[in-house]
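Step one of this worksheet: look at the structure below.
Every chain is numbered from 1 and lettered A, B, ... according to where its sequence line falls, protein lines coming before strand lines.
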Amino acid sequence: MNLDSPHRLLEGLNEPQQRAVVTTRGPILILAGAGSGKTTVITRRIAWLIESEGVAPGAILAMTFTNKAAQEMSERVQHLVSIPAYQLWVSTFHSFCTRVLRTEGDRTPVGKNFVIFDPSDQKSLMKHVLSELSLSEKQYHPKRMLAEISNYKNQCLLPHEIEHTPSERSLATLIDVYALYQEGLKTHHACDFDDLLLLTERLFRDPTIQAKYQEKFKYLMVDEYQDTNRAQYQLIQHLVGQERNICVVGDEDQSIYGWRGADIRNILDFQKDFPNTTQIKLEQNYRSTQSILDAASLVIKNNQDRIGKDLWTNRGTGEKVTFKLAQDGRSEGNWIADQAQFELLRASNARVAILYRANWQSRQIEEALRAKNIPYLLIGGVKFYERQEIKDLLSYLRLLYNPFDLVSFRRAINAPSRGVGPTTLKKIEAAIPEGGEPLEGVFQALKTGAVKGKAAREVSRFADILIQGRKERDLRGLASLVQWMLQESGLTQALERENTLESESRLRNLEEFLNAAADEETLGSTLEQFLDRITLVSDADSVDGASRLSLMTIHCAKGLEFSAVFLSGMEEDVFPNRNAKDDDNGLEEERRLFYVAITRAQMKLYLTGARHRRVMGMNTLGLPSRFLRELPEDVLDQPIRWGVEVYQSGEGDWTNTHDEWSESETKPASRSKSSFQPTRRYDRSSPKEERPSKPKMSKDGWPLGTRVTSPRFGDGLITASSGKGDMLTYTIVFQSHGEKRIVAKYGALEKKGS
DNA sequence: CCTCACTGCATTTTT
DNA sequence: TGCAGTGAGG
């Protein structure tokens with residue numbers, strides 16, 4: 001290979017990138033740092049295989065995690081070599097599996113024509129299962145049960161394969177729940193997200209099937225390999241054939257889906273799994289300035305679990321990172337809004353993102369943006385296809401496709417409200433013959449007179465809609481079918497009758513849905529394909545390149561880049577998230593999340609925090625995120641100050657600082673000298689700082705941060721408060737008893753030193 | 001069977 | 001704080 005006069009497909013690539021493109025045989029591990037041109041490499045590599053090596057497009061399988069990534073790759077490949085899209089197998093794991101199951105489905109419990117349950121469907125099935133087993137939802141939270149089941153599924157374990165000893169009562173119950181849940185899915189002819197992977201993996205255990213797919217796909221590529229879980233890992237192992245042409249691309253520092261079963265060991269151990277792996281590191285960053293990269297590199301160095309990379313850039317030092325401490329969440333929002341507007345005005349093509357750890361944090365930022373009339377796009381939260389009215393309509397469509405879907409049946413039968421409640425539903429369900437459709441239950445219940453009167457009329461009208469609908473399904477196009485369903489189901493009329501602001505917006509959503517169906521129809525999709533697509537789209541897929549200001553979680557932002565990035569809520573327990581920092585793994589993942597956030601920025605990075613925050617209805621005192629301390633001083637435009645009091649943490653143990661709560665004689669933190677210096681003034685950098693607001697809780701209580709003594713628990717520090725008057729309650733962290741909630745009136749608390 | 005009002009409880013992150 | 005789940009009344 002002569003790299004001096006590059007082939008068209010190698011043009012503009014640096015040396016390691018070129019090697020990654022042309023190394024097509026055997027196992028390859030591409031460690032692609034943030035912003036190192038990963039997508040370019042993957043797409044050029046696919047094009048290279050097709051064009052220079054004459055590989056048939058259909059023999060290449062490329063897997064991604066999001067539809068957006070898949071779509072982008074597919075488009076870029078088509079741009080490079082002109083081949084029809086349908087020949088390319090670039091898809092998400094989930095849609096790949098769906099495709100396989102739709103082809104081979106006769107061999108799985110749910111058959112070919114399954115529906116895919118989304119989380120809300122799962123939840124309603126789970127509730128049903130729990131009541132069947134007479135387990136209280138109070139004790140067995142449906143969501144937690146589902147999370148645990150998901151965990152097992154991600155590890156490729158079915159209920160009967162989970163090992164447990166007789167003494168593990170709660171595990172035994174979970175297994176029962178899991179088993180019955182799977183039974184439920186089977187009778188509904190339904191899969192949940194995890195089943196798509198699990199069932200496909202099971203399928204590939206059959207040597208015949210395995211051979212078939214190994215023969216088809218000679219070249220495998222996996223994007224974001226660090227995010228694969230056990231099921232995905234196994235799936236890949238099954239697919240790798242004799243020639244071992246597997247290329248995985250990933251970045252261990254961006255592994256942020258451990259909670260979803262992703263196992264960072266998959267990428268760390270790749271070379272063990274595939275001896276003689278070619279490893280290529282992409283370390284030149286084309287996205288960010290040096291300051292941003294320095295911040296990112298020094299932060300991530302604190303992690304143990306990594307292979308290690310040294311990112312560099314030739315884009316210059318750039319502006320330093322700005323940190324802003326606001327008095328509370330509201331003023332944090334306001335400051336971000338103002339500053340974001342400034343960033344937007346800076347360049348006509350500026351794209352700005354406001355990121356946060358958890359969705360709830362978006363609220364106050366949104367309020368600020370709305371108050372200032374700054375347009376923005378919110379990604380996440382309630383998804384379009386999860387809205388009530390959409391789910392109502394979908395439940396009808398799903399029933400036309402798969403009449404066994406009892407969850408949809410239960411929903412549709414009383415949407416819009418027809419006066420068919422739990423009682424009638426129970427009777428119908430009892431009348432469903434073994435292995436039969438819910439609709440047969442309706443006929444039975446009517447025949448035997450179990451359901452009569454008004455309910456009977458409504459129910460039989462509902463049955464008519466479904467029966468007629470099945471005929472219409474085969475006669476009409478997608479859009480026209482949706483249109484018909486909207487009318488016949490009475491959903492539109494019910495909303496029109498309601499005639500409120502709320503119903504108006506729901507009608508608009510239904511219209512939007514109709515548009516989506518029309519779009520889909522022009523692609524020539526069937527009802528099946530339409531339904532699959534709807535369930536498998538994610539928030540990240542809706543990120544609109546044209547939008548100038550976007551709000552999203554850090555997770556959603558992975559893979560994206562923005563000229564300026566705001567990262568809000570830099571407080572301990574917010575970020576790192578309180579529940580995630582229990583163990584080292586959790587904390588390292590949080591740190592990787594921080595790393596992902598930092599590396600989204602091209603030109604400018606802002607970090608913000610709030611001194612006080614209302615969280616879950618409580619006033620809480622924010623302490624600086626430990627991550628702030630990991631930032632090298634010289635990337636910041638000024639030292640980080642944290643309000644009046646100084647929090648000087650030795651691994652979050654405030655008692656280490658005992659007397660330093662009064663601002664007088666604080667010693668600087670060990671690593672960064674000037675960080676967290678006490679300061680009496682609020683941050684002076686901002687031109688129009690909100691007036692040093694009234695001290696919180698000073699009227700009928702003590703301010704947060706006050707040190708108190710309790711006769712029962714000894715010395716402590718007020719960290720949060722809620723309620724007022726007689727109900728005034730403090731959350732106090734005691735030196736020797738941990739965190740307690742104490743009603744001020746009865747607590748006999750005394751202020752320390754008075 | 002539906003609606004409204006109350007209460008108690010929770011916030012990670014998503015294909 | 002806000003939502004979801006529950007219970008009383010219409």
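Between A/N414 and B/dC1, a side-chain N or O to OP1/OP2 separation shorter than 4.0 Å is absent. A close approach under 4.0 Å does occur between a side-chain nitrogen or oxygen of A/T424 and OP1 or OP2 of B/dC1. Between A/N359 and B/dT14, a side-chain N or O to OP1/OP2 separation shorter than 4.0 Å is present.
A donor-acceptor pair under 3.5 Å is absent between the side-chain atoms of A/Q327 and the main chain of A/H612, judged by distance alone.
Nearer to the 5' terminus of DNA chain B, by closest-nucleotide assignment, is the contact made by A/V420 (compared with the other of A/V420 and A/L536). A residue-by-residue look at A/C556 and A/R418 shows that A/R418 has its nearest nucleotide of DNA chain B further toward the 5' end.
The separation between A/R230 atom CZ and B/dT15 atom C1' is 20 Å, rounded to whole Å. Residue A/N229 contributes atom CG, which lies 12 Å from atom C1' of B/dT14 at whole-angstrom precision. Per the geometry, CG belonging to A/D227 stands 11 Å off C1' belonging to B/dT15, to the nearest Å. Following rounding to the nearest Å, A/Q122 (CD) and B/dT15 (C1') show an atom-to-atom distance of 11 Å. Following rounding to the nearest Å, A/H555 (NE2) and B/dT13 (P) show an atom-to-atom distance of 9 Å. The nearest whole Å value for the distance from the CG atom in A/D194 to the P atom in B/dT15 is 13 Å. One can place NZ of A/K452 at 13 Å from P of B/dC1, the figure rounded to the nearest angstrom. Rounded to whole angstrom, the span from the CG atom of A/L101 across to the C1' atom of B/dT15 amounts to 15 Å.
For A/N577, the side-chain atoms get nearest to B/dT12 when compared with the rest of B/dC1, B/dT14, B/dT12. Here the side chain of A/T423 is nearest to one of B/dT13, B/dT12, B/dC1, namely B/dC1. Across B/dC1, B/dT13, B/dT15, the shortest atom-to-atom separation from the side chain of A/P422 is found for B/dC1. Checking B/dC2, B/dT13, B/dT15 against every side-chain atom of A/S417, the shortest atom distance belongs to B/dC2. When each of B/dT12, B/dT15, B/dT14 is scored by its nearest atom to the side-chain atoms of A/T66, the top-ranked nucleotide is B/dT15.
Listed here is the closest heavy atom pair of A/Y257 and A/E589: N-OE2, 3.6 Å. The nearest pair of heavy atoms linking A/S568 to A/Y356 is OG-CB, 3.7 Å. Nearest heavy atom pair, residue A/P119 against residue A/F193, reads CD-CE1, 3.8 Å.
Taking the six-membered ring wherever Trp is involved, the centroid distance between the rings of A/F409 and A/H188 does not fall below 6.0 Å.
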Taking protein heavy atoms under 4.0 Å as touching, what does nucleotides 1-10 of chain C look like 5' to 3' if B marks base contact, S marks sugar-phosphate-only contact and - marks none?
BS--S-----
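Paired with A/K558 under the rule salt bridge (Lys or Arg N to Asp or Glu O under 4.0 Å), one option of A/D223, A/D227, A/D251 passes, and it is A/D227.
Ring geometry, A/Y178 versus A/Y152: the interplanar angle falls under 30°, so the pair is classed parallel (tilted spans 30 to 60°).
B/dT13 and C/dA4: their P atoms are spaced 14 Å apart (whole Å).
Counting non-hydrogen atoms under 4.0 angstrom, A/K581 reaches nothing in the nucleic acid. Counting non-hydrogen atoms under 4.0 angstrom, A/F65 reaches the backbone sugars and phosphates but no base.
Between A/D121 and A/K391 there is a salt bridge, since a side-chain N of the basic residue sits under 4.0 Å from a carboxylate O of the acidic one.
Ring stacking holds between A/W259 and B/dT13, with the centres under 5.5 Å apart and the planes within 30 degrees of each other.
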